[in-house]
Amino acid sequence: MKAGRTLVPRLGLRVAVLAAAWIGGAAAGADGAPGADGASASGAVATPTPRVADGRPTASVAWDFEVRLDGKPIGTHRFVVEGEPGARTVRSLARFDVKLLGLTVFRYRHEASERWRGDCLQAIQSRTDDDGKPVEVNKTFNARAPSTTSPSPQTSSTSAPAEAESDCLMSYAYWHPALVRQQRLLNPQTGEIDEVRIERLPDASLAVAGREVEAMRWRLTATPPAAAGKPAQRQQLTLWRDRSDGRWIGLDAVVKGGRVLSYRLP
């Protein structure tokens, strides 16, 4: 197995979780409300609308992305967003297995739970198994500043000390209309705050659920905090949204070795 691993560079799949946010806001539309028919023309499907005790409706929207590396399927990433815009919860589960000559040479598991109030992240818990390296993040946020809980001694944690914030913070919420106006985003896998630069690209078509969809595109360039003695590693991603309603429909990222990691709705 070790010999096989030398043939495949580490993928730097931390990018896969930059979405960990999958904060289904985009799929819910700019006002945070699900489509009138309960389903997205782009493939994101809203489950039946349950009602809470006081009679107010709550929405549930889910994405089931097929994840590909250089066009070959390697796993799935599921996102579920529930609740009203003022009190959303977001859950995600990613499972990747990269194989070479029938042997698994890279294994990745990630699950996260987020709590949102409006456009602001209130709390996040995530667990990641990055090819045998466990990482846990457990953070809560107040109106102006985040605070970090103590990590478990059995796991490695990238949680940073509490730091003052001038405004609320978002994670990589590709669904959220306001994402493209952000300059800083929280990485759900690492717990770090990345600097981001977001550029609008020309519209293009994207295959979604077997048909071509006219889409808007943005390029995100993310720069995480520099590690001790090492320069910061920039990451570029392309975000795709349905041009007709702004719903999130795809994601592309260039990972190590120039390989392309893609999220597509089957």
Side-chain angles (χ1 to χ4, degrees), residues 10-27 30 63 65 67 69 77 79 90 92 94 110 112 114 116 118-121 124 126 128 137 139 141 144-146 158-160 163-204 206 214-243 246-264:
R10 288 192 63 82
L11 304 177
L13 289 179
R14 71 190 292 277
V15 63
V17 201
L18 295 182
W22 43 120
I23 308 57
W63 295 257
F65 283 105
V67 182
L69 182 64
H77 201 155
F79 303 88
V90 181
S92 73
H110 172 82
E114 296 183 1
W116 285 67
D119 296 345
C120 305
L121 182 65
I124 179 170
S126 71
T128 305
V137 173
K139 287 191 173 187
F141 302 80
R144 308 298 288 183
T158 54
S159 297
E163 58 181 296
E165 297 294 338
S166 60
D167 52 13
C168 74
L169 187 65
M170 295 179 68
S171 59
Y172 281 81
Y174 298 113
W175 54 270
H176 202 299
L179 177 82
V180 297
R181 299 193 296 270
Q182 304 306 302
Q183 297 180 332
R184 300 158 60 255
L185 295 171
L186 180 104
N187 185 319
Q189 175 175 323
T190 67
E192 298 174 333
I193 297 176
D194 297 344
E195 299 294 328
V196 296
R197 179 166 53 88
I198 302 177
E199 307 167 82
R200 184 75 153 83
L201 299 175
D203 292 352
L206 183 71
E214 291 301 311
M216 302 178 289
R217 297 187 300 159
W218 287 264
R219 177 187 293 121
L220 284 72
T221 302
T223 305
K230 296 182 180 179
Q233 298 277 327
R234 289 185 177 179
Q235 176 72 59
Q236 281 201 341
L237 307 94
T238 301
L239 169 66
W240 298 79
R241 290 182 180 168
D242 191 323
R243 193 168 68 184
R247 301 169 194 249
W248 178 29
I249 57 174
L251 187 71
D252 296 316
V254 178
V255 296
K256 289 185 178 180
R259 310 180 81 179
V260 178
L261 187 76
S262 300
Y263 279 39
R264 293 293 184 267

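Just so we're clear, the structure is a prediction, and the values are computed from it rather than from any experiment. Every heavy atom of this structure was used, including side-chain atoms; hydrogens, water molecules and symmetry mates were not.
Remark: Glu199 CD is packed, more than 12 non-hydrogen atoms of other residues, nucleotides or ligands lying under 6.0 Å away.
Of the inter-residue distances, the one linking Asp252 atom CG with Leu261 atom CG reads 8.5 Å to the nearest 0.5 angstrom. With values rounded to the nearest 0.5 angstrom, Trp116 atom CH2 is found 9.0 Å from Ile124 atom CD1. To the nearest 0.5 Å, the span separating CZ on Arg197 from CZ on Arg234 amounts to 6.5 Å. Taken to the nearest 0.5 Å, the CD1 atom of Ile193 stands 5.0 Å off from the CZ atom of Arg184. In this structure, CG on Leu220 lies 9.5 Å from CG on Leu201, to the nearest 0.5 angstrom. With rounding to the nearest 0.5 angstrom, the CH2 atom of Trp218 is 12.0 Å from the OG1 atom of Thr238.
Residues Cys168 and Phe141 are not in side-chain contact: their nearest non-hydrogen atoms beyond the backbone lie 4.5 Å or more apart. Between Leu185 and Leu179, some side-chain heavy-atom pair lies under the 4.5 Å cut-off. Using a 4.5 Å cut-off on side-chain heavy atoms (C-beta onward), Leu239 and Ile198 make no contact. You'll find the side chain of Arg241 stays beyond 4.5 Å of the side chain of Leu206, heavy atoms only. Taking 4.5 Å as the limit, some side-chain heavy atom of Trp248 sits within range of a side-chain heavy atom of Phe65. Asp194 places a side-chain heavy atom less than 4.5 Å from the side chain of Pro225. Here the side chains of Gln189 and Ser126 are not in contact, with every heavy-atom distance at 4.5 Å or above. In this structure, the side chains of Trp63 and His77 stay at 4.5 Å or more apart for every pair of heavy atoms.
Contact between Gln236 and Thr221 at its shortest, heavy atoms only, is NE2-OG1, 3.4 Å. Shown here for Glu114 and Pro188, the closest heavy-atom pair between the two residues is OE2-CG, 3.9 Å. For the residue pair Gln235 and Ala253, the shortest heavy atom distance occurs at NE2-CB, 4.0 Å. Scanning both residues, Gly246 and Met216, for their nearest heavy atoms gives CA-CE, 3.9 Å.
A donor-acceptor contact shorter than 3.5 Å is absent between the side chain of Gln182 and the backbone of Glu195.
Checked against Lys139 for a side chain to side chain contact (heavy atoms under 4.5 Å, CB included), the options Leu169, Leu186, Leu121 give a single hit: Leu186.
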Thr128 and Val137: CA distance, side-chain angles, deciding distance, side-chain contact (heavy atoms from CB on, under 4.5 Å) verdict: CA-CA 9 Å; Thr128 305; Val137 173; over 6 Å; no
